[in-house]
Amino acid sequence: MKIKLPSVSGKNLKIIGAGVLAVLLLTGAAVARVMFRETPEERAANLEATVRMCLRQGNVMIRVMKLDEAEGYFRLAIDNAPTPELRAEGGLGMGRSLLARAEVKPFPYALMAQQYLEASLDLMKTPDGQLQVYRSLIDTARLKGDKKGVSDYTAAALGLTQSSIEKAQLYLSQIDFYLQYGTWADTHRILEEAKGLEAGRTWANEFMLRRASINEKALRNQDWFAEYVAQFPDRDPKEVRAELVEQTLADYKQLFDTGGAVIKDESLFRIARLNCQEGRYAEAKVLLQTFLESEPTTHLAETLLLLSRLAQVEGLNAEAKRLITTFIKRYPVDTQGAAEVTEIVDELVKQGYSADALAIAQEYIRHPAKRAAVPDFLFKAATLANTLGRYDEAADYFTRFIAAQSDSIQVGHALIAQADICIRKEDYQGAEKWLVDYLARFPYGAMRADALFKLFDVKVRRKAPMTEILMVGAAAAETKKDGPDLPPL
């Protein structure tokens with residue numbers, strides 16, 4: 001009886017690559033020659049040997065990132081495995097290959113990997129095998145941003161091992177996930193659970209780096225700091241924060257003095273970043289230059305952005321703009337990078353440099369490395385262009401933003417803003433189109449009253465039939481402005 005494991009569609013997978021064909025040619029012919037004189041035991045042994053060879057070759061293909069061929073081998077192993085244990089190994093291999101794809105494209109590959117891995121877990125009998133599956137399942141949950149999945153899979157994995165090395169790695173991985181998706185309380189709880197391991201010499205620096213990272217996150221994130229400062233209800237939050245800054249810097253300096261090369265680079269960058277955040281710009285600039293002189297392989301993009309901030313502080317806005325533009329062109333902007341650019345754009349607007357802010361937003365749109373962040377920059381660019389009186393550019397960006405989004409609150413603002421631009425240009429027919437579109441999309445929206453009153457004004461200006469004017473006017477008169485007014489764009 002075959003165990004049903006999820007299959008990979010032909011669209012996502014070239015099922016049998018050249019390597020798999022080679023296996024079939026080499027083993028298939030030999031098996032065919034002796035098939036009729038083999039005993040059942042010999043036939044089973046040959047089949048098992050062939051399946052194990054497919055598993056080994058599949059794992060080799062993952063290491064060299066030939067994932068089509070890897071999945072072909074694992075598919076053969078799953079379909080021909082003579083035992084549930086071998087079928088489980090095939091499912092684990094398929095899950096790992098799909099995980100390698102998911103690191104680049106989480107959807108749909110993380111979910112596909114999870115399906116294979118959970119099916120494999122049902123068949124896996126040994127604790128070591130189950131532990132391997134759970135480690136991969138933790139990765140699928142991480143890529144999906146699934147906090148409960150990471151917690152449940154990690155707890156199950158911890159229950160399967162007595163190895164202090166395995167436990168330390170699982171706890172560190174969980175902390176790294178919570179630093180991105182969790183709360184201060186989540187990370188603090190894991191540190192408490194791992195206290196015995198944290199004291200060990202082998203992992204002391206790794207856990208100290210995580211503790212310093214948690215403190216740094218509390219200094220950079222208001223929600224995290226609120227959780228942290230709640231431990232000291234009788235103290236002034238400003239004093240608590242000042243102490244936390246010095247403690248975090250001291251921890252990073254200790255790690256820089258005692259850690260290996262990777263931890264040294266990481267600590268140096270974080271000391272520079274924290275100094276920059278706290279307004280210690282001269283020290284931050286020297287540290288960033290020292291960091292770059294060490295020829296690091298990480299944090300290059302963030303370093304460039306920090307240098308651009310320092311250039312702004314020194315009044316060198318042209319240099320800041322050049323650095324930011326270089327960053328956008330050269331580096332794959334992730335979610336953190338997009339947030340950094342957004343912060344710089346907002347800061348420029350606050351300082352009165354709206355034209356510079358618009359130029360940076362436009363540069364990001366032209367080089368979108370993270371497509372999910374582009375709509376936000378389209379809206380920013382549209383708003384800034386509108387503020388600067390560059391209405392044709394604003395209209396173009398608003399149109400592209402509306403096409404990229406469907407029903408967010410910002411779409412409502414964009415539709416009304418488009419109508420206002422048309423009214424300024426005395427394009428009353430265009431204004432009517434945008435206002436009707438808003439009312440159709442958001443019949444109970446907070447800006448319904450604004451839209452109806454503007455539509456009434458447009459109908460009057462374009463001398464629409466009296467029946468239309470009266471109908472819109474009556475609807476506008478009956479509408480109560482119980483939502484927020486449209487803010488100026």
Side-chain angles (χ1 to χ4, degrees), residues 99 102-103 106-107 110-111 113-114 117 131 133-161 163-200 202-232 240-241 244-245 247-248 251-252 255 259 262-263 266-267 269-270 273-274 277 298-299 302 334-340 370 372:
L99 261 177
E103 292 289 350
F107 181 81
L111 179 58
Q114 181 183 8
L117 292 165
L131 181 60
V133 177
Y134 275 121
R135 289 184 73 91
S136 293
L137 281 168
I138 291 168
D139 285 335
T140 66
R142 170 180 60 81
L143 290 167
K144 291 162 58 185
D146 178 3
K147 184 176 170 180
K148 184 178 185 303
V150 168
S151 178
D152 290 348
Y153 292 140
T154 302
L158 287 167
L160 288 168
T161 182
S163 165
S164 60
I165 294 175
E166 286 280 1
K167 287 187 175 183
Q169 290 173 340
L170 287 165
Y171 281 128
L172 290 168
S173 174
Q174 195 171 13
I175 291 170
D176 289 341
F177 175 82
Y178 285 143
L179 276 167
Q180 185 173 1
Y181 294 104
T183 64
W184 178 85
D186 291 326
T187 56
H188 187 68
R189 173 174 54 81
I190 300 304
L191 283 175
E192 287 298 311
E193 290 179 18
K195 250 183 178 174
L197 297 166
E198 186 178 357
T202 304
W203 300 101
N205 279 345
E206 291 289 349
F207 277 104
M208 188 175 184
L209 177 61
R210 297 322 190 276
R211 190 177 290 278
S213 299
I214 292 165
N215 290 340
E216 185 188 4
K217 179 75 178 278
L219 292 167
R220 291 162 58 88
N221 184 289
Q222 289 183 352
D223 293 337
W224 279 51
F225 183 71
E227 290 184 79
Y228 177 83
V229 80
Q231 300 176 101
F232 313 101
V240 173
R241 191 182 190 287
L244 186 59
V245 169
Q247 179 60 54
T248 305
D251 287 343
Y252 281 139
L255 285 165
V262 174
I263 287 183
E266 187 70 24
S267 302
F269 170 77
R270 289 172 179 269
R273 182 171 66 184
L274 188 51
Q277 177 186 307
T298 60
H299 296 302
E302 287 180 89
D334 56 12
T335 304
Q336 178 63 32
E340 295 279 4
K370 185 76 173 179

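The structure presented is a predicted model; accordingly, all values stated were derived computationally and were not measured.
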Going by heavy atoms in the side chains, are Asp186 and Lys147 under 4.5 Å from each other? yes

Check side-chain contact (heavy atoms from CB on, under 4.5 Å) between Leu219 and all other residues, then give those that pass, not counting sequence neighbours. Arg241, Leu244, Val245, Thr248, Leu274, Gln277

Roughly how far, to the nearest 0.5 Å, is the CZ atom of Arg210 from the OH atom of Tyr171? 15.0 Å

So how far is it from Asn205 CG to Ile263 CD1, rounded to the nearest 0.5 Å? 5.0 Å

First locate atom CD1 of Ile214, then atom CG of Leu191, and finally report the distance between them rounded to the nearest 0.5 Å. 4.0 Å

What heavy-atom pair brings Ser173 and Ile138 nearest, and what distance separates the two atoms? OG-CG2, 4.4 Å

Report the distance from atom CG of Leu117 to atom CD of Gln114, rounding to the nearest 0.5 Å. 8.0 Å

Any idea which heavy atoms bring Ala212 and Asp251 closest together, and the distance? CB-CB, 4.0 Å

For Ala110 against Ala102, the heavy-atom pair lying closest together: N-CB, 3.5 Å

Within a reach of under 6.0 Å around CD of Gln222, are more than 12 heavy atoms found that belong to other residues, nucleotides or ligands? no

So how far is it from Leu158 CG to Leu131 CG, rounded to the nearest 0.5 Å? 9.0 Å

Give the ring-plane orientation class for Tyr228 versus Trp184, where under 30° counts as parallel, over 60° as perpendicular and anything between as tilted. perpendicular

Over all heavy atoms of both residues, which pair between Trp224 and Tyr178 is shortest? Give the atoms and the distance, please. CZ2-O, 3.5 Å

Close side-chain approach of Ile175 and Arg211, heavy atoms under 4.5 Å: no

Smallest heavy-atom separation, Ser213 atom then Arg270 atom, equals OG-NH1, 3.4 Å

Just by distance, no angles: are the side chains of Gln180 and Asp176 close enough, under 3.5 Å, to form a donor-acceptor pair? no

To the closest 0.5 Å, what do you measure between CD1 (Ile190) and CD (Glu192)? 10.5 Å

Does any non-hydrogen side-chain atom of Arg273 lie less than 4.5 Å from one of Arg220? yes

Let me check something: any side-chain donor-acceptor pairs from residues 163-170 under 3.5 Å, sequence neighbours excluded? List them with distances.
| residue | atom | partner | partner atom | Å |
| --- | --- | --- | --- | --- |
| Ser163 | OG | Ile165 | N | 3.3 |
| Ser163 | OG | Glu166 | N | 3.2 |
| Glu166 | OE1 | Arg135 | NH1 | 2.7 |

Side-chain heavy atoms of Phe207 within contact of Leu172, under 4.5 Å: yes

Of all heavy-atom pairs between Leu99 and Ser136, which one has the smallest distance, and what is that distance? CD1-O, 3.4 Å

Check side-chain contact (heavy atoms from CB on, under 4.5 Å) between Asp146 and all other residues, then give those that pass, not counting sequence neighbours. Ala141, Lys144, Lys148

